[in-house]
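Some notes on the structure that comes next.
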Amino acid sequence: MGDAPVIDDIRKKMRSIPGMDVLLEGEWSRRWQASLGRDRVRRVFDDELTRIRRRLLEGEDVDLSPEPLRRRLEGLLKAEERRRLRPLVNATGVVIHTNLGRSCLADEALSAVADVASGYSNLEYDLDEGVRGHRNAHVEVALCTLTGAEAALVVNNNAGAVLLCLSALAKGTEVVVSRGELVEIGGSFRIPDIMAFSGAELAETGTTNRTHLADYVGAITERTSMLLKVHPSNFRIEGFTAAPRRRDLAVLAHERGLLLMEDAGSGLLVDGRILGLEGETDVRACLNEGVDVVTFSGDKMLGGPQIGVIAGRRSVVDRLRGHPVLRALRVDKMTLAAFEVTMQLYMKGEYDAIPTLSMLRRTGESMKAQATRLAARLRRVTSARVSVVEVEDAVGGGSCPELPLTGWGVAVTRHPLGGAGRLQALLRARDLPVLCGARRLADVDDALVIHVRTLRPGDEKELSAAFGDIESSVKGSK
Ligand SMILES: *Cc1c(COP(=O)(O)O)cnc(C)c1O
């Protein structure tokens with residue numbers, strides 16, 4: 001009985017929700033319909049009215065007077081107008097950030113994309129012979145030059161490359177993998193799953209921390225066709241560990257008439273020392289040590305577009321060429337254009353023209369100077385405390401988890417609007433969102449940390465505009 005007035009209240013509120021016709025007739029709403037289209041505006045209104053009804057039914061109080069309602073709807077329309085996939089500022093110091101699009105393309109690669117995408121191209125046309133050609137031909141020679149492989153192919157990504165190799169080379173047979181290498185790479189790429197999907201059978205051997213050559217020998221049966229080595233890209237087992245040398249695995253495989261395949265993950269096209277990486281094997285060295293076929297990503301350490309490379313012995317790579325998985329995972333012309341030009345930069349030794357490589361190669365000195373400059377700039381626009389700090393960056397992208405990457409950054413503390421979490425949210429909500437790190441500090445609120453390693457040209461200006469705008473909102477609210 002006592003509920004009756006409440007229910008009456010809700011009924012009354014429900015009746016006061018404006019109808020769709022009324023909303024679509026309004027002057028302001030017509031302006032939006034002209035720019036977004038009537039259907040999109042209707043859908044945004046419809047979704048919001050549904051939300052309002054639900055909230056009222058749950059007993060919440062919703063302000064339905066015309067002005068606040070209009071402001072809320074216009075806010076939603078503005079969000080609708082924005083592109084969903086948008087650029088942002090990466091101030092996290094994680095160079096190959098999978099959630100943020102991994103590698104940034106070189107300028108030269110970008111203009112090659114624009115060239116082939118805005119018109120026709122010889123994507124699958126042989127200009128010498130005047131007949132149909134192969135899209136793979138545009139990158140195969142360069143890949144062979146850079147890796148020493150006899151032949152090479154590209155597909156959509158490295159997961160696809162692994163799938164194609166297993167499907168074409170090992171379907172219906174056993175593939176031996178060390179238990180220490182049965183990895184899961186983020187986004188549901190798991191070696192056992194991809195193996196099952198390809199139709200190959202997984203034969204595990206060894207233990208998580210130690211696998212010996214004898215374990216591989218013991219796991220080989222007459223149904224085995226391949227030994228597979230997988231780069232433990234995103235973790236590291238330390239302490240009492242062992243794995244056979246690649247050379248010894250190759251000798252074993254070849255004595256038994258088997259293939260040795262390696263999923264190299266990131267795929268270094270240069271000696272790791274050029275990037276300051278010790279102990280990472282580059283693709284050329286892999287092949288030199290006897291691996292028959294190696295796969296790797298184009299947009300991790302390589303710094304190119306998303307692509308999966310398969311490189312190795314001609315007799316092996318040729319077995320993949322007509323496979324339906326290759327057709328299903330083929331690479332588009334924009335990717336090929338970007339990839340070809342990225343490889344040309346490698347061949348010319350212009351590593352710093354490739355953003356991923358130049359970010360990895362940055363010196364402490366240059367980052368500290370940039371952080372100092374940025375701090376001075378921010379102090380001019382914010383009343384918060386701004387200081388230059390040493391930070392911990394990361395290669396990211398499931399590459400080299402063990403590699404400590406020291407960087408420099410700017411810490412922002414004692415901001416009038418609050419701590420790091422609040423500032424991070426405000427920065428994310430901008431038209432050009434800014435993503436920053438945070439660090440626990442002993443004496444004050446958590447610090448917002450801007451890592452300079454991953455900033456792109458123009459980002460400093462954007463950061464200063466962002467802090468300026470936040471400062472105006474502080475003043476406005478006073
Ligand atoms: C990253 C990675 C993959 C997946 O590569 P994608 O290009 O993201 O498909 C597969 N294997 C290893 C070892 C990796 O590091």
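Both counts, for ligands and for their atoms, begin at 1 and track the order of listing.
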Could [X] and [Y] be called an ion pair, given the rule that one side-chain N must be under 4.0 Å from one carboxylate O?
X	Y	result
Asp271	Arg273	yes
Asp46	Arg43	no
Asp248	Arg245	yes

Any nitrogen or oxygen of [X] lying under 3.5 Å from a nitrogen or oxygen in ligand 1? Just yes or no.
X	value
Ala159	yes
Ser266	no
Asp299	no
Arg102	yes

>> With a 4.0 Å cut-off on heavy atoms, is Glu262 in contact with ligand 1?
In response: no
>> Yes or no: does Gln306 have any heavy atom under 4.0 Å from an atom of ligand 1?
In response: no
> How would you list all residue pairs meeting side chain to side chain donor-acceptor pair (under 3.5 Å) that involve residues 161-170, not counting sequence neighbours?
Replying inline: none
> Does Asp215 use its side chain to pair, donor to acceptor, with the backbone of His212 at less than 3.5 Å?
Replying inline: yes
>> Tell me whether Arg453 contacts the main-chain N or O of Val95 through its side chain, where contact means a donor paired with an acceptor under 3.5 Å.
In response: no
> Can you list the atoms of ligand 1 that are under 4.0 Å from a heavy atom of Lys300?
Replying inline: 1 (C), 2 (C), 3 (C), 14 (C), 15 (O)
>> I need the atoms of ligand 1 closer than 4.0 Å to a non-hydrogen atom of His231, numbered in the order shown.
In response: 13 (C)
>> My understanding is that we take every heavy atom of each candidate and find the minimum distance to atom 6 (P) of ligand 1. Doing that for Ser297, Ala264, Gly265, which one comes out nearest?
In response: Ser297
> Partners of Arg84 by salt bridge (Lys or Arg N to Asp or Glu O under 4.0 Å), sequence neighbours excluded?
Replying inline: Glu80
